[in-house]
Amino acid sequence: MNYIETFKIKTCTKITLQYFNKMSDARDGKAPIEKEIIDENKLKQILFLLNKLPDEGDMMVKMGDVPILNVIIQVDKNEPVYFTYYQSAIKTPATSFYSIAPSEVKLLHDLFLDFF
């Protein structure tokens, strides 16, 4: 599975959310809390918001042991791609972060957390 190359995804068949209470849990092999999104309307809503995000932020961030949320996107029959929220900050495809996050970042994060 590869890190997402662009937020500009037209369609997907499923999104899997993996939530870790802290970043070290993922590294230490602890199982995440997982939820799947297959509802077509929710997937369209997520992709609509995701497509509005720039693929590159304007700053780098060194994270502490914060909660992380992996968003795994199944695009048709291709290998899934993913992106990650560190606490409530999204890491872009360029591996940078937004100094001033677009409103869609929070809307998506809140939407994802509603599944837990």
Side-chain angles (χ1 to χ4, degrees):
M1 181 168 45
N2 293 314
Y3 203 77
I4 197 167
E5 292 181 3
T6 181
F7 287 136
K8 310 308 182 250
I9 296 175
K10 292 185 185 346
T11 62
C12 72
T13 56
K14 169 176 81 169
I15 293 178
T16 304
L17 305 174
Q18 292 181 332
Y19 180 81
F20 294 91
N21 287 320
K22 53 187 178 174
M23 189 169 26
S24 61
D25 288 349
R27 181 192 67 227
D28 294 342
K30 292 187 180 175
I33 301 168
E34 285 193 355
K35 299 290 178 177
E36 278 191 358
I37 304 168
I38 55 172
D39 178 86
E40 218 173 291
N41 290 326
K42 287 290 183 192
L43 293 173
K44 286 179 183 176
Q45 180 184 10
I46 291 165
L47 292 181
F48 175 78
L49 293 169
L50 197 60
N51 274 269
K52 291 181 173 254
L53 295 177
D55 285 338
E56 188 172 346
D58 57 345
M59 68 179 204
M60 299 303 286
V61 175
K62 182 176 180 175
M63 288 291 168
D65 205 11
V66 298
I68 61 171
L69 174 66
N70 291 321
V71 179
I72 304 166
I73 303 171
Q74 181 64 52
V75 182
D76 300 321
K77 304 239 186 263
N78 297 329
E79 182 179 348
V81 295
Y82 76 101
F83 66 91
T84 304
Y85 272 93
Y86 292 82
Q87 201 146 345
S88 58
I90 194 169
K91 185 168 103 175
T92 68
T95 71
S96 51
F97 292 82
Y98 308 117
S99 60
I100 300 173
S103 61
E104 291 83 6
V105 171
K106 182 174 178 3
L107 291 170
L108 278 167
H109 192 254
D110 290 347
L111 180 64
F112 293 143
L113 291 183
D114 282 346
F115 286 94
F116 291 97

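Quick note: numbers below take in every heavy atom, side chains included, and nothing from hydrogens, waters or symmetry partners.
K35 NZ to D114 CG: the interatomic distance, rounded to the nearest 0.5 Å, is 12.0 Å. In this structure, the separation between OG1 on T16 and CD on E34 is 6.5 Å, given to the nearest 0.5 Å. Within the model, atoms CG of D110 and NZ of K106 stand 3.5 Å from one another, a figure rounded to the nearest 0.5 Å. Expressed to the nearest 0.5 Å, how far CG of L43 lies from OG1 of T11 amounts to 10.0 Å. Atoms CD and OH, on E56 and Y98 in that order, are 9.5 Å from each other to the nearest 0.5 Å. To the nearest 0.5 Å, atoms OG1 (T13) and CD (E40) are separated by 10.5 Å.
Side chains of M60 and F97 form no contact here, defined as non-hydrogen atoms less than 4.5 Å apart. Taking the side chain as every heavy atom from C-beta outward, P80 and Q74 approach each other to under 4.5 Å. Side-chain contact between N41 and Q45 is absent, with no heavy atoms from C-beta onward closer than 4.5 Å. Here the side chains of V71 and L50 are not in contact, with every heavy-atom distance at 4.5 Å or above. Two residues are said to be in side-chain contact when any heavy atoms from C-beta on lie closer than 4.5 Å; F112 and L69 meet this criterion. Using a 4.5 Å heavy-atom cutoff, the side chains of F83 and F7 are in contact.
The hydrophobic clustering, which links ILVMFWY residues whose side-chain heavy atoms are closer than 4.5 Å, places I100 and L53 apart. By the criterion of side-chain heavy atoms lying less than 4.5 angstrom apart, applied directly or through intervening Ile, Leu, Val, Met, Phe, Trp or Tyr residues, F20 is not grouped with L17; the two fall into different hydrophobic clusters. Y85 and F116 fall within a single hydrophobic cluster, where Ile, Leu, Val, Met, Phe, Trp and Tyr side chains are chained together by heavy-atom contacts under 4.5 Å. Criterion: ILVMFWY side-chain heavy atoms under 4.5 Å apart, direct or through other members. Under it, I68 and L108 are not part of a common hydrophobic cluster. V66 and I90 fall into different hydrophobic clusters, defined by Ile, Leu, Val, Met, Phe, Trp and Tyr side-chain heavy atoms under 4.5 Å apart, directly or through other members.
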CA sep, side-chain torsions, deciding dist, call: I73, I46, side-chain contact (heavy atoms from CB on, under 4.5 Å): CA-CA 11 Å; I73 303 171; I46 291 165; over 6 Å; no

From CA spacing to verdict: side-chain contact (heavy atoms from CB on, under 4.5 Å), V81, E5: CA-CA 8 Å; V81 295; E5 292 181 3; over 6 Å; no

Pair T92-D55, side-chain contact (heavy atoms from CB on, under 4.5 Å): steps then yes or no: CA-CA 6 Å; T92 68; D55 285 338; 5.9 Å; no

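Remark: the T84 side chain and the N70 side chain contain an N/O donor-acceptor pair separated by less than 3.5 Å.
Taking all atoms of both residues into account, the shortest heavy-atom contact from Q87 to H109 is O-NE2, 3.1 Å. When all heavy atoms of P54 and P102 are compared, the closest pair comes out as CD-CG, 4.0 Å. Closest of all the heavy-atom pairs between Q18 and P32 is CB-CB, 3.9 Å. S88 and V105 get closest at one heavy-atom pair: O-CG1, 3.8 Å.
Y82 and Y3 have their aromatic ring centers within a separation under 6.0 angstrom.
The main-chain N or O of I9 is found under 3.5 Å from a side-chain atom of N51 such that the two form a donor-acceptor pair.
The 12-atom threshold is exceeded at NZ of K8, counting heavy atoms of other residues, nucleotides or ligands nearer than 6.0 Å. Atom CD1 of I38 sits in a sparse spot, with 12 or fewer heavy atoms from other residues, nucleotides or ligands closer than 6.0 Å.
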